Amino acid sequence: MKIFHTADWHLGKLVQGVSMTEDQQYVIEQFIEEIRTEKPDVVIIAGDLYDRSVPPTDAIQLLNKTFKQILIDEKTPIVAIAGNHDSATRLNFGSDLMKASGLHIVGHLESYFEPVIMHDEYGEVHFYLVPFAEPSIVRNIFGDESITTHEGAMARIIEEIKLTVDPEKRNIIVGHAFVTKDGMPEQNTSDSERKLTIGGTECIDSALFEPFCYTALGHLHQAHFVANEKIQYAGSPLKYSESEVTHKKGFLIVDLKEDGSVAVEKKLLTPIRDMRIVTGLLDDILQHDKNDDYVFVKLQDESFVKGAAELVRTVYPNALHIERTVVYEKLEQQADTLNRVQMNDSELFELFYTEMTGKPLSEETKAIYTDILQQLIDNERELQEVL
């Protein structure tokens with residue numbers, strides 16, 4: 001069975017206030033052309049179809065047009081799940097009706113996991129669709145108060161799937177989560193990925209997915225495998241932040257064989273505009289040929305230059321951000337700034353508390369802060385669902 005695995009489209013995305021819809025349409029057209037040429041048996045979209053729970057009209061129209069081309073024009077079924085950026089309710093609406101057209105989309109997590117069954121020349125392939133869900137939601141669904149982390153939630157979900165899974169079939173799971181080797185924190189993230197939780201409990205051990213022939217993941221924007229080739233992130237089809245400028249964007253072509261083994265090939269997509277970093281003195285940058293790429297400009301001029309942004313945009317009209325780096329700053333200050341940028345919310349609060357009070361943050365106070373911050377995040381997501 002030939003499978004196209006993609007994820008994290010983030011339709012409706014704004015980068016530094018600039019709409020990415022035109023750029024997204026450009027690479028999606030390439031993706032559809034690959035479907036036309038390669039004729040896959042199924043397309044997997046592993047979450048974050050939209051960038052926010054209430055997407056703009058042009059994003060909705062683009063997804064509608066894309067689904068029509070894949071399902072109706074190319075007669076290729078789709079299996080898709082909601083990610084943490086999506087509205088589970090909106091994606092779930094009409095999902096039962098759309099199955100007849102070949103669209104199998106799951107927004108809400110359910111207590112029973114019925115696989116989507118597809119066939120190739122070797123028999124059945126079972127797809128288990130696991131949309132993103134907070135640990136609190138999984139805890140309520142299964143009435144299990146011990147579930148407090150994303151790893152605990154996924155462990156319970158897979159435990160439920162294993163109750164009905166047929167080990168004689170080829171089984172694939174589709175998820176949207178932060179999966180790492182041994183469940184240990186990793187830096188394989190980007191600035192455009194919204195954290196799933198507070199306090200470092202979002203990582204999930206890749207060993208949990210051992211029962212499946214292939215694990216199709218979304219959430220992390222850089223394509224890579226975790227532990228082995230059977231567990232893959234497709235990555236996003238476009239660069240969405242400064243931290244992604246070195247990424248090679250595209251999708252995965254997965255060849256699922258008769259014995260359940262897989263061969264994975266990465267297919268690159270060409271953006272209408274690249275995204276990169278430009279560094280140098282302003283006078284030197286102004287000598288560059290005019291270029292429409294999205295750029296983050298880092299000026300090395302030691303003194304302030306009036307009208308620098310306007311001057312830079314005469315060469316780079318799509319400059320997303322322009323900053324002046326002070327090259328004579330002390331190395332210690334640079335290191336401190338870098339460390340603060342890399343800190344999460346809890347670490348920043350702990351540093352702030354220590355600097356303001358001169359005392360270390362107690363574990364009790366830290367736990368209270370983390371709990372309150374997590375409640376605020378959960379409440380915000382619930383409010384988005386209502387809206």
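These numbers come from a predicted model, not from an experiment.
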- Does any donor atom in the side chain of E29 or Q25 lie under 3.5 Å from an acceptor atom in the other side chain? yes

- Message: For a quick check under 3.5 Å, do T21 and S19 share a side-chain donor-acceptor pair by atom type?
- Response: yes

Taking the side chain as every heavy atom from C-beta outward, state whether [X] and [Y] have any atom pair closer than 4.5 Å.
X    : Y    : result
S241 : V15  : no
L208 : I204 : yes
F142 : S111 : yes
Q232 : T215 : no
H85  : R52  : no

Test item: [X] side-chain N/O and [Y] main-chain N/O as donor-acceptor pair under 3.5 Å:
X    : Y    : value
K266 : K248 : yes
S95  : N92  : yes
T66  : L62  : yes
D166 : T164 : no
R313 : A319 : yes

Looking only at the aromatic ring of each residue, does the gap between the centers of [Y] and [X] stay below 6.0 angstrom?
X    : Y    : result
H150 : F178 : no
H221 : H247 : no
F4   : F251 : yes

- Message: Does the plane of the ring in H321 sit parallel, tilted or perpendicular to the ring in F296? Use 30° and 60° as the thresholds.
- Response: tilted

Mind listing the closest non-hydrogen atom pair of [X] and [Y] along with its distance?
X    : Y    : result
H288 : D284 : CD2-O, 3.3 Å
T180 : V226 : C-CG1, 3.6 Å
T148 : R139 : CA-NH1, 4.0 Å
D51  : G12  : CB-C, 4.2 Å
A216 : A46  : O-CB, 3.9 Å
P211 : K162 : CG-CD, 4.2 Å

What salt bridge (Lys or Arg N to Asp or Glu O under 4.0 Å) pairs are there with at least one residue in [range], not counting sequence neighbours?
range            : answer
residues 63-84   : R36-E74, K68-D73
residues 289-298 : E242-K298, R276-D293, K298-E323
residues 92-104  : D96-K99

side-chain contact (heavy atoms from CB on, under 4.5 Å) partners for [X], two or more places apart:
X    : answer
L103 : F67, L71, I78, M98, I105
I60  : Y50, P55
E110 : H108
T314 : L286

- Item | ILVMFWY cluster membership beyond L163 - transitive side-chain contacts under 4.5 angstrom | none

- Query: Quick one: hydrophobic cluster around L129, which other residues, with the 4.5 Å side-chain cut-off, linked directly or via members?
  - Reply: M1, I3, V42, I44, V79, I81, V106, V116, M118, V125, F127, I172, V174, Y214, L252, V254, L256, V262, V264

- Could you check N84 against H176 for side chain to side chain donor-acceptor pair (under 3.5 Å), going step by step and ending with a plain yes or no? CA-CA 8 Å; N84 61 301; H176 192 90; 2.9 Å; yes

- Item | Check against salt bridge (charged side-chain N to carboxylate O under 4.0 Å, His left out), R170 and D259 | CA-CA 8 Å; R170 290 166 293 166; D259 62 358; over 6 Å; no

- Task: Kindly write out the residues that satisfy side-chain hydrogen bond (donor to acceptor under 3.5 Å, both in side chains) with Q61, not counting sequence neighbours, or none if the list is empty.
- Result: none

- Task: Nearest 0.5 Å please: distance from the NZ atom of K13 over to the CG atom of D48.
- Result: 9.5 Å

- Query: Salt bridge check: are D301 and R324 linked by an N-O gap of less than 4.0 Å?
  - Reply: no

- K2 bridged to E38 by N-O distance under 4.0 Å: yes

- Joint hydrophobic cluster, M275 plus V18, side-chain heavy atoms closer than 4.5 Å: yes

- Item | ILVMFWY network linking L109 to F93, side-chain heavy atoms under 4.5 angstrom | no

- Can you establish whether the number of heavy atoms outside E33 located under 6.0 Å from its atom CD is more than 12? yes

- Message: Using the salt bridge (Lys or Arg N to Asp or Glu O under 4.0 Å) criterion, which residues pair with E210? Sequence neighbours excluded.
- Response: K230

- Candidate pair Y240 and D8, rule side chain to side chain donor-acceptor pair (under 3.5 Å), full reasoning: CA-CA 10 Å; Y240 288 134; D8 296 283; over 6 Å; no

- Message: Under the rule for ring-ring contact (aromatic ring centres under 6.0 Å, His included), what residues qualify as partners of Y233, not counting sequence neighbours?
- Response: H224

